[in-house]
2 protein chains.
Amino acid sequence: MKKADTEAREQAITLLNEAGLRPTRQRVVLAQVLFSNGDRHVTAEQLHGEAEADGAAISLATVYNTLHQFKGAGLLREVVVDSGRAYFDTNTKEHHHFYVEKTGLLEDIAGELISMTSLPKLPENKVVDRVDIVIRLREKA
Amino acid sequence: MKKADTEAREQAITLLNEAGLRPTRQRVVLAQVLFSNGDRHVTAEQLHGEAEADGAAISLATVYNTLHQFKGAGLLREVVVDSGRAYFDTNTKEHHHFYVEKTGLLEDIAGELISMTSLPKLPENKVVDRVDIVIRLREKA
DNA sequence: AAGAACTTTAGAATGATTCGAAAAATGCAC
DNA sequence: GTGCATTTTTCGAATCATTCTAAAGTTCTT
Ligand SMILES: [Mn+2]
Ligand SMILES: [Mn+2]
Ligand SMILES: [Zn+2]
Ligand SMILES: [Zn+2]
């Protein structure tokens with residue numbers, strides 16, 4: 001076990017403690033995979049695969065549970081770009097996305113790079129929870 | 001059978017002909033339900049229910065087939081606001097959406113009401129297919 | 001009417017996600 | 001530390017939306 005691993009592990013544990021989540025074996029592994037490599041977008045299936053590749057046996061049900069708990073704790077957000085598969089995003093700052101349907105490529109657009117001129121009037125008794133902009137791309141002709 | 005029904009039916013048939021789709025019994029019914037009541041957003045399940053309520057027995061598989069055909073012909077577009085359920089939109093003009101997750105409410109925002117200040121630079125060899133803006137709302141505190 | 005092409009259909013299959021209930025791990029009180 | 005209450009994990013079954021398959025039915029052209 002290298003020093004770097006131990007460090008990442010401790011960071012993951014700190015993160016979980018601060019979020020009020022018990023640092024169980026599987027949560028620590030998933031937090032490590034998710035948060036020690038910069039911003040990323042993953043599906044449950046992908047994350048499960050990575051944890052497995054890391055030598056950690058975690059059930060897919062636990063991966064789903066954990067993703068939802070992390071989301072609830074504000075460590076992750078969900079990105080909706082495809083009806084049929086849920087992406088989770090480690091970047092919780094305000095930002096938007098490029099999406100290439102054919103390849104599944106999902107890439108961040110910094111929040112400041114886009115802004116809207118005006119907001120239309122909202123339906124009665126509602127407030128804005130969040131504005132999601134998805135720029136759908138395709139291969140250049 | 002009233003005159004209005006006959007008229008809506010003929011319009012539906014014309015629409016299908018112009019789109020190069022054979023006006024089969026089930027396509028005519030679905031086109032009528034979809035296009036003779038102003039802009040709307042439906043799921044396959046909803047549309048199937050409405051057709052049934054109209055006295056037309058159509059299999060759910062056919063509803064799915066038809067929605068995809070209509071989409072392919074440019075009569076419908078798909079709106080992605082929820083990973084898990086596909087919405088089809090009879091409004092094919094450029095526009096955006098308000099979405100209330102809790103209730104499933106999906107409402108149009110006219111295209112002109114929103115505009116972006118600038119577009120960030122795109123990934124290599126890609127062009128914009130479409131820009132989708134979803135303003136997610138929740139009940140006012 | 002006949003044949004070719006296209007469409008519908010039921011039901012099985014798939015894929016993503018959730019559920020239920022039992023087993024395991026964890027945190028606290030003694 | 002031990003014991004107990006609480007939380008978490010896990011497997012497998014269940015669910016839900018959607019797609020597939022192959023057979024049966026319809027439509028269009030001649
Ligand atoms: Mn979810
Ligand atoms: Mn689709
Ligand atoms: Zn992102
Ligand atoms: Zn719309």
Side-chain angles (χ1 to χ4, degrees), chain A residues 9 12-13 15-17 19-33 41-52 54-73 75-76 78-88 101 104 106, chain B residues 9 12-33 41-52 54-73 75-76 78-88 101 104 106:
Chain A
R9 194 160 180 292
I13 292 176
L15 194 73
L16 291 170
N17 282 328
L21 294 168
R22 285 189 185 173
T24 64
R25 178 177 62 79
Q26 20 300 278
R27 295 213 272 231
V28 171
V29 170
L30 295 176
Q32 238 175 287
V33 173
H41 304 101
V42 293
T43 63
E45 198 68 57
Q46 269 168 30
L47 181 58
H48 182 242
E50 290 187 32
E52 231 168 32
D54 255 39
I58 301 180
S59 81
L60 185 54
T62 295
V63 173
Y64 274 104
N65 288 341
T66 304
L67 284 171
H68 285 125
Q69 290 155 179
F70 284 10
K71 176 183 170 189
L75 301 175
L76 292 176
E78 202 175 329
V79 184
V80 179
V81 284
D82 180 301
S83 57
R85 138 184 344 311
Y87 287 85
F88 290 85
E101 172 156 13
L106 185 56
Chain B
R9 192 161 183 292
I13 291 175
T14 302
L15 194 74
L16 291 169
N17 282 329
E18 287 173 1
L21 295 168
R22 285 186 184 178
T24 65
R25 180 178 62 79
Q26 18 306 273
R27 295 213 272 231
V28 172
V29 170
L30 295 176
Q32 240 175 287
V33 173
H41 304 101
V42 293
T43 63
E45 197 69 57
Q46 269 168 31
L47 182 58
H48 182 242
E50 289 188 34
E52 232 168 31
D54 255 41
I58 301 179
S59 81
L60 186 54
T62 296
V63 173
Y64 274 104
N65 288 342
T66 305
L67 284 170
H68 286 125
Q69 289 154 178
F70 284 10
K71 176 184 172 188
L75 301 175
L76 290 177
E78 203 176 331
V79 183
V80 180
V81 284
D82 180 300
S83 57
R85 147 190 315 338
Y87 287 84
F88 291 85
E101 172 157 14
L106 186 55

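Residue numbers start from 1 in every chain, and the chains themselves are labelled A, B, ... in the order their sequence lines are given, proteins ahead of strands. Since the structure is predicted, the reported quantities are computational estimates derived from the model, not experimental observations.
Rounded to an integer number of Å, the gap from L67(B) CG to dA17(D) P is 14 Å. Going from atom CD of E78(B) over to atom C1' of dA17(D) covers 12 Å, rounded to whole Å. Remark: P of dT18(D) and CZ of R85(A) are 14 Å apart, rounded to the nearest angstrom. Atom P of nucleotide dG11(C) and atom OH of Y64(B) are separated by 17 Å, given to the nearest angstrom. When the C1' atom of dT17(C) is taken as reference, atom NZ of K71(A) falls 13 Å away, rounded to whole Å. Spacing between atom OH of Y87(B) and atom C1' of dC16(D) amounts to 14 Å, rounded to whole angstrom units. Straight-line distance from the CD atom of Q46(B) to the C1' atom of dC16(D): 15 Å, rounded to whole Å. Rounded to an integer number of Å, the gap from NE2 of H48(B) to C1' of dT18(D) is 14 Å.
Taking 4.0 angstrom as the limit, H68(B) places a side-chain polar atom (N or O) nearer than this to OP1 or OP2 of dT19(D).
Taken from CG in L21(A) to CG in L75(A), the straight-line distance is 7.0 Å, to the nearest 0.5 Å. Here CG of L67(A) is found 5.0 Å from CZ of F88(A). Values are rounded to the nearest 0.5 Å.
For L106(A), the side chain to side chain contact (heavy atoms under 4.5 Å, CB included) criterion is met by H41(A), V79(A), V81(A), Y87(A), H97(A), Y99(A), not counting sequence neighbours.
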Please lay out, stage by stage, how L16(A) and F70(A) fare under the test side chain to side chain contact (heavy atoms under 4.5 Å, CB included). CA-CA 9 Å; L16(A) 291 170; F70(A) 284 10; 3.6 Å; yes
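Pairs passing the side-chain hydrogen bond (donor to acceptor under 3.5 Å, both in side chains) check and including a residue from residues 21-32 of chain B, sequence neighbours excluded, read R27(B)-Q69(B).
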Treating primed atoms plus P, OP1 and OP2 as sugar-phosphate and everything else as base, which nucleotides of nucleotides 5-11 of chain D get B, S or - for protein heavy atoms under 4.0 Å? --SSSBB
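Within the 4.5 Å cutoff, side-chain heavy atoms of E45(B) are placed close to those of L60(B).
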